[in-house]
Amino acid sequence: MNQIILVKYGEIILKGLNRGAFERMLVDNIKRALGSLEYEISLRQATVYVEPKQQEQIDEFTRRLSRVFGIIWIVPCAVCEKQIETICKTALDYTKDDLTGKRFKVESKRADKRFPMVSQEISAEVGGYLLEHIPSLSVDVHNPDEIVTVEIRENGAYIYCRRIKGQGGLPTGSASRAMLLLSGGIDSPVAGYMMAKRGLILEAVNFFSHPYTSERAKEKVLELAKILSEYTGKVRVHIVPFTEIQLAIRDLCPEEYLTLIMRRLMMQIAQRLAEENQCKALITGESLGQVASQTTEALCVTNDAVSMPVFRPLIGMDKVEITQIAERIGTYETSILPYEDCCTVFTPRHPATKPKLEKVLAAQRKMPVEELVQRAMEGVETIEIDPEFEV
Ligand code: ATP
Ligand code: MG
């Protein structure tokens with residue numbers, strides 16, 4: 001029995017004249033994710049066909065495809081000749097283990113209208129054959145445990161009863177490139193994932209306060225970048241030495257504005273790095289009201305530091321919702337490792353929650369901002385993180 005994986009995509013189909021470009025990007029991303037596995041790939045009728053050379057690797061193919069943005073369903077199926085007896089036999093062979101003791105129904109889709117039977121006739125014929133050969137099986141068209149699907153396509157008949165939900169979204173690379181401010185916390189990796197899902201290529205910047213934050217804290221950030229890279233492909237991480245800036249803020253600025261001025265400088269440096277690396281937007285994990293520096297007034301002050309669009313996909317989400325996504329995408333366990341972040345090192349006791357921009361700007365003027373930013377930029381270390389394909 002010959003097995004193949006049908007990869008079905010959604011939103012791309014709505015792309016009109018650009019559809020071809022989106023499809024090419026999706027195929028490139030699939031090839032990247034499949035790495036050195038051996039397979040044939042082709043695109044027909046809004047479906048990518050992936051045919052593993054070694055059938056026993058189907059699960060590994062499925063696992064990798066389940067991380068690729070733009071895919072809605074991953075459908076491992078049996079493929080055979082468009083001939084009703086062969087279809088019945090193949091359906092039995094392929095689905096009998098899944099159907100034992102179950103209530104089921106058959107659904108058919110006839111994309112190839114030259115096939116001599118209509119959908120209902122195909123379903124009835126295949127359903128009858130399966131019932132006859134699997135004694136423990138029963139029919140339930142309203143509440144089936146399993147649905148066996150038969151798709152009659154141009155190039156063959158495809159049979160399946162299990163399909164795996166894909167990530168959805170748009171292919172990586174279809175939405176340009178953005179710079180993620182990646183801390184070691186729960187929020188920013190989720191923010192990066194959500195924007196990457198809309199087709200952005202990610203770069204990341206981390207502000208690092210050696211020796212107040214340890215080498216382990218840096219490794220944690222790199223590990224988070226690695227998990228993100230499993231979805232997006234290569235992620236470049238820029239590590240910015242931030243200690244001098246934090247000490248200057250601590251020594252020269254009023255305590256209530258420490259965090260805000262620090263946030264402004266982070267944004268400014270992130271924007272410079274973004275410009276140098278062809279990124280068109282910034283991404284942060286800010287969520288309205290989560291902490292003092294994320295009130296509406298505080299976000300106004302932070303936003304004023306940059307001119308690029310800042311994507312904040314978590315702005316309207318609760319911590320519980322964010323945490324659920326972190327668990328699903330696999331960043332949560334790493335995010336909760338207890339290493340300190342640069343923000344936690346110099347935290348004011350009474351941060352301003354309704355800061356006035358003019359006052360923050362006046363406080364910031366006490367610092368040689370340009371000089372400090374310049375020096376931080378000179379100390380940037382850039383690390384390329386590749387996804388781990390082979391497990
Ligand atoms: P997270 O859980 O992502 O750390 P947070 O709730 O702790 O977020 P803040 O510390 O106020 O929030 O940071 C807000 C956002 O600023 C983060 O989501 C992240 O995008 C960015 N950020 C904070 N600290 C750093 C850092 N050390 N390096 C890079 N970006 C940072
Ligand atoms: Mg944080």
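Bear in mind that the values here come from a model prediction, so they are computed numbers and not experimental data. Both counts, for ligands and for their atoms, begin at 1 and track the order of listing.
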Undergrad: Which option wins on minimum heavy-atom distance to atom 20 (O) of ligand 1: Leu181, Leu180, Ile322, Val291?
TA: Leu181
Undergrad: Can a side-chain donor-acceptor contact be found between Gln246 and Ser209 if the only test is distance below 3.5 angstrom?
TA: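 Yes.
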Undergrad: Between Tyr94 and Tyr158, is the ring centre distance below 6.0 Å?
TA: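 Between Tyr158 and Tyr94, which both carry aromatic rings, the centre distance is not below 6.0 Å.
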Undergrad: Going by the rule ring-ring contact (aromatic ring centres under 6.0 Å, His included), which residues pair with Tyr129 if we only count those two or more places apart in sequence or in a different chain?
TA: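 For Tyr129 the ring-ring contact (aromatic ring centres under 6.0 Å, His included) partners, ignoring immediate neighbours, are His133.
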Undergrad: Are Arg272 and Glu275 close enough, and set up right, to give a salt bridge (charged side-chain N to carboxylate O under 4.0 Å, His left out), and what steps lead you there?
TA: CA-CA 5 Å; Arg272 290 218 194 165; Glu275 283 161 357; over 6 Å; no
Undergrad: Relative to atom 22 (N) of ligand 1, which among Arg263, Lys319, Met267, Gln290 owns the nearest non-hydrogen atom?
TA: Arg263
Undergrad: Under a 4.0 angstrom heavy-atom cut-off, which atoms of ligand 1 come close to Thr284?
TA: 20 (O)
Undergrad: Would you call the rings of Phe207 and Phe242 parallel, tilted or perpendicular, taking 30° and 60° as the class edges?
TA: tilted
Undergrad: With atom 12 (O) of ligand 1 as the reference point, say which of Arg312, Gln294, Glu286 has the nearest heavy atom.
TA: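 Selected option, by shortest heavy-atom distance: Gln294.
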Undergrad: So, regarding Gly285 and ligand 1 (criterion: nitrogen or oxygen to nitrogen or oxygen, under 3.5 Å), is there a contact or not?
TA: yes
Undergrad: Ligand 1 and Gly184, any nitrogen or oxygen pair closer than 3.5 angstrom?
TA: no
Undergrad: Taking 4.0 angstrom as the limit and counting only heavy atoms of Ser293, give me the atoms of ligand 1 inside it, by number and element.
TA: 11 (O)
Undergrad: Backbone, side chain, both or neither: what part of Leu182 comes under 4.0 angstrom of ligand 1, heavy atoms only?
TA: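 Backbone only; the side chain of Leu182 stays clear of ligand 1.
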Undergrad: Apply salt bridge (charged side-chain N to carboxylate O under 4.0 Å, His left out) to residues Lys109 and Glu107 and explain how you reach the verdict.
TA: CA-CA 7 Å; Lys109 294 180 193 159; Glu107 279 181 0; 5.8 Å; no
Undergrad: Identify, by atom number and element, the atoms of ligand 1 in contact range of Gly185, meaning under 4.0 Å from any of its heavy atoms.
TA: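 Answer, ordered by atom number: 1 (P), 2 (O), 4 (O).
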Undergrad: What atoms of ligand 1 come within less than 4.0 Å of a heavy atom belonging to Val205?
TA: 29 (C)
Undergrad: Are Thr90 and Glu81 close enough that some pair of their side-chain heavy atoms sits under 4.5 Å apart?
TA: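 The answer is no; the side chains never approach within 4.5 Å.
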